[in-house]
Amino acid sequence: MAERTSIGWTDLTWNPWTHRCTPITEECDLCYAHTDTKRWQGANAFTSEPPTLLPDRLLMPLLSGPYRVGGQMFTASMTDPFHPGVPVEDIALVWAVMAATTMWEHQTLSKRHTRMYRILSDPGFPQLVRAAFERLAAMIKTKGALSPNRRRALAELEQAADRFVYPVPNILVGVSAGTQKWVDRRLPRLAATPATARFASVEPMLTSADLTPWLHALDWVIVGGESGGGARPFEEAWARDIIAQCRDAGVAVFVKQMGSRWASATRIDGRTVRGLKDPKGEKWEFWPEDLRVRQFPVLTGVAA
């Protein structure tokens, strides 16, 4: 089945890897993927091992009906695709699936800005993706008799190999940067990374941030406060500043949520927003009107 999501800036999530990762910065402290995995698989499951590619889940966008609709798909929402434990050949397989499913605008997000840059900038990586089309076709053929669905997937892989260009037109490459420290470290690497489109997720936003030196290289910015118990403060002024920076640069901006701390302190008609069943502060009807901004970039490589 397709993976439903409450993430406001995407239509669907696809997790070809196991739900595993390693926290590396203060932004990871209340990671929802860590919390969810702990709830269902145990306290230490999320950090117990590197992410592992799951063949059946890898093939879902090619074979599964719910994944054929099209729109925006967040790839690897429960891990980091550039985790140091992920082999580059597995990343190439995921890139090939995304290149073959042009009905989707694929959104990839990482905190491993250096590894992401090194892999995607490597002249050998496009060749690994080209080889991955054949590997994916072989995986489909080993699943048994070739149904019409599998034949269609094989044809799509062949067509993708024939038309392949790099960077892949329907892949949006992004980094998370929730403080000025990480904006200054991650956005220069992102700006230098080969990509048709790039975005920054300034969420959870833990400090004010100036993105202006790198906005020329970005197509989209997401901003939002932290959610969950113990959420850290998020100030409306920070969001206003990011909106202004993006408008001046002509970059699409999406305000996702005000965060749990804001929701617990904000009162509407004498009641807290939390009391109005908005624990993450994501219902924009409760926001100041000038913060109700939810724009999306346009990727020309996405099939109509």
Side-chain angles (χ1 to χ4, degrees), residues 5-11 25-35 72 74 77 107 109 111 172 174-187 190 198-297:
T5 180
S6 62
I7 300 172
W9 47 263
T10 197
D11 297 313
T25 68
E26 62 272 28
E27 303 145 306
C28 301
D29 289 353
L30 296 182
C31 172
Y32 70 87
H34 195 169
T35 299
Q72 292 151 327
F74 180 17
S77 67
Q107 304 155 323
L109 189 60
K111 290 184 178 70
L172 186 64
V175 295
S176 296
T179 69
Q180 187 68 56
K181 169 186 173 181
W182 293 111
V183 164
D184 292 342
R185 293 188 184 185
R186 291 180 180 145
L187 264 60
L190 175 64
R198 304 178 186 88
F199 74 109
S201 176
V202 190
E203 185 201 7
M205 191 176 191
L206 304 177
T207 72
S208 61
D210 180 9
L211 280 60
T212 52
W214 304 283
L215 283 173
H216 69 280
L218 299 183
D219 300 272
W220 195 29
V221 173
I222 300 166
V223 60
E226 192 169 46
S227 60
R232 289 160 285 189
F234 174 74
E235 297 185 15
E236 293 176 6
W238 299 349
R240 288 190 176 93
D241 192 28
I242 295 295
I243 291 171
Q245 292 174 39
C246 290
R247 282 179 174 162
D248 288 346
V251 174
V253 60
F254 188 105
V255 183
K256 180 177 182 287
Q257 63 189 35
M258 294 293 107
S260 297
R261 179 73 72 89
W262 179 93
S264 66
T266 300
R267 302 188 69 80
I268 307 293
D269 296 330
R271 295 177 292 170
T272 63
V273 176
R274 182 179 295 278
L276 296 176
K277 301 186 184 301
D278 187 24
K280 298 179 182 179
E282 59 188 344
K283 294 182 180 179
W284 78 347
E285 60 265 33
F286 300 143
W287 304 355
E289 189 170 351
D290 63 324
L291 298 184
R292 301 175 188 178
V293 182
R294 286 180 171 170
Q295 302 169 338
F296 290 89

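Positions are given from 1 along the sequence.
In this structure, the side chains of Val221 and Leu215 come closer than 4.5 Å at one or more pairs of heavy atoms. The side-chain heavy atoms of Lys111 and Thr25, taken from C-beta on, include a pair separated by under 4.5 Å. At a threshold of 4.5 Å between non-hydrogen side-chain atoms, the residues Glu236 and Leu291 count as touching. Inter-residue side-chain proximity for Ser227 and Gln257 is flagged as met; some heavy-atom pair is nearer than 4.5 Å. Considering only heavy atoms from C-beta on, Gln72 stays 4.5 Å or farther from Leu172 through its side chain. Side-chain contact check for Thr35 versus Cys31: every heavy-atom pair is 4.5 Å or farther apart. The closest side-chain heavy-atom distance from Phe254 to Gln295 is not below 4.5 Å. Under the 4.5 Å side-chain criterion, counting only non-hydrogen atoms from C-beta, Lys256 is in contact with Ile7.
The closest donor-acceptor contact from the side chain of Ser208 to the backbone of Trp238 lies at 3.5 Å or more, if one exists at all. Judged purely by atom type and a 3.5 angstrom limit, Gln245 uses its side chain to pair as donor or acceptor with the backbone of Leu211. A donor-acceptor contact shorter than 3.5 Å is absent between the side chain of Ser201 and the backbone of Ile222.
The shortest non-hydrogen separation linking Glu27 to Trp182 is OE1-CD1, 3.7 Å. Shortest non-hydrogen contact noted between Gly174 and Leu190 is CA-CD1, 4.2 Å. Between Lys280 and Ser6, the closest heavy-atom pair is NZ-OG, 3.9 Å. The two residues Ala252 and Pro297 have their closest heavy-atom pair at CB-N, 4.0 Å. Closest non-hydrogen pair, Phe286 versus Ile268, comes out as O-CD1, 4.0 Å. Thr272 and Ser264 make their closest contact through CG2-O, 3.8 Å (heavy atoms, listed as atom of the first residue, atom of the second, distance).
We find the CG-CD1 distance between Asp290 and Ile243 to be 6.5 Å, quoted to the nearest 0.5 Å. Separating the CG atom in Leu30 from the CZ atom in Arg232 is a distance of 5.5 Å, to the nearest 0.5 Å. In this structure, CH2 in Trp287 is found 11.5 Å from OG1 in Thr266, a value given to the nearest 0.5 Å. Between the CZ atom of Arg292 and the CH2 atom of Trp284 there is a distance of 7.5 Å, given to the nearest 0.5 Å. A distance of 13.0 Å separates CD of Glu226 from CE of Met205, quoted to the nearest 0.5 Å. With rounding to the nearest 0.5 angstrom, the NE2 atom of His34 is 10.5 Å from the CG atom of Asp29.
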Q: Please report the C-alpha distance between Val293 and Arg247 in whole Å, then the side-chain angles of each, then the deciding distance to 0.1 Å, and finally whether the side-chain contact (heavy atoms from CB on, under 4.5 Å) criterion is met.
A: CA-CA 11 Å; Val293 182; Arg247 282 179 174 162; 3.6 Å; yes
Q. Run the side-chain contact (heavy atoms from CB on, under 4.5 Å) check on Ser176 and Leu109 step by step: do they pass?
A. CA-CA 7 Å; Ser176 296; Leu109 189 60; 3.6 Å; yes
(Q) Walk me through whether Val273 and Trp262 qualify under side-chain contact (heavy atoms from CB on, under 4.5 Å). (A) CA-CA 9 Å; Val273 176; Trp262 179 93; 4.0 Å; yes
Q: Decide side-chain contact (heavy atoms from CB on, under 4.5 Å) for Leu187 and Leu218; before the verdict, give the C-alpha distance in whole Å, the side-chain angles of both, and the deciding distance to 0.1 Å.
A: CA-CA 9 Å; Leu187 264 60; Leu218 299 183; 4.1 Å; yes
Q: Determine, step by step, whether Thr10 and Gln107 satisfy the side-chain hydrogen bond (donor to acceptor under 3.5 Å, both in side chains) criterion, reporting the C-alpha distance in whole Å, the side-chain angles of both residues, the deciding distance to 0.1 Å, and the verdict.
A: CA-CA 8 Å; Thr10 197; Gln107 304 155 323; 2.7 Å; yes
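Residue pairs satisfying the side chain to side chain donor-acceptor pair (under 3.5 Å) criterion with at least one member in residues 212-225, sequence neighbours excluded, are listed as follows: Asp210-Thr212.
Take Phe234 and apply the ring pair (Phe, Tyr, Trp, His ring centres under 6.0 Å) test, not counting sequence neighbours, and it matches no residue. By the side chain to side chain donor-acceptor pair (under 3.5 Å) test, Arg261 pairs with no residue at all, sequence neighbours left out.
For Phe74 and Trp9, the gap between ring centers is short of 6.0 Å.
More than 12 heavy atoms of other residues, nucleotides or ligands lie within 6.0 Å of CD in Glu285, so this atom counts as buried by the packing criterion.
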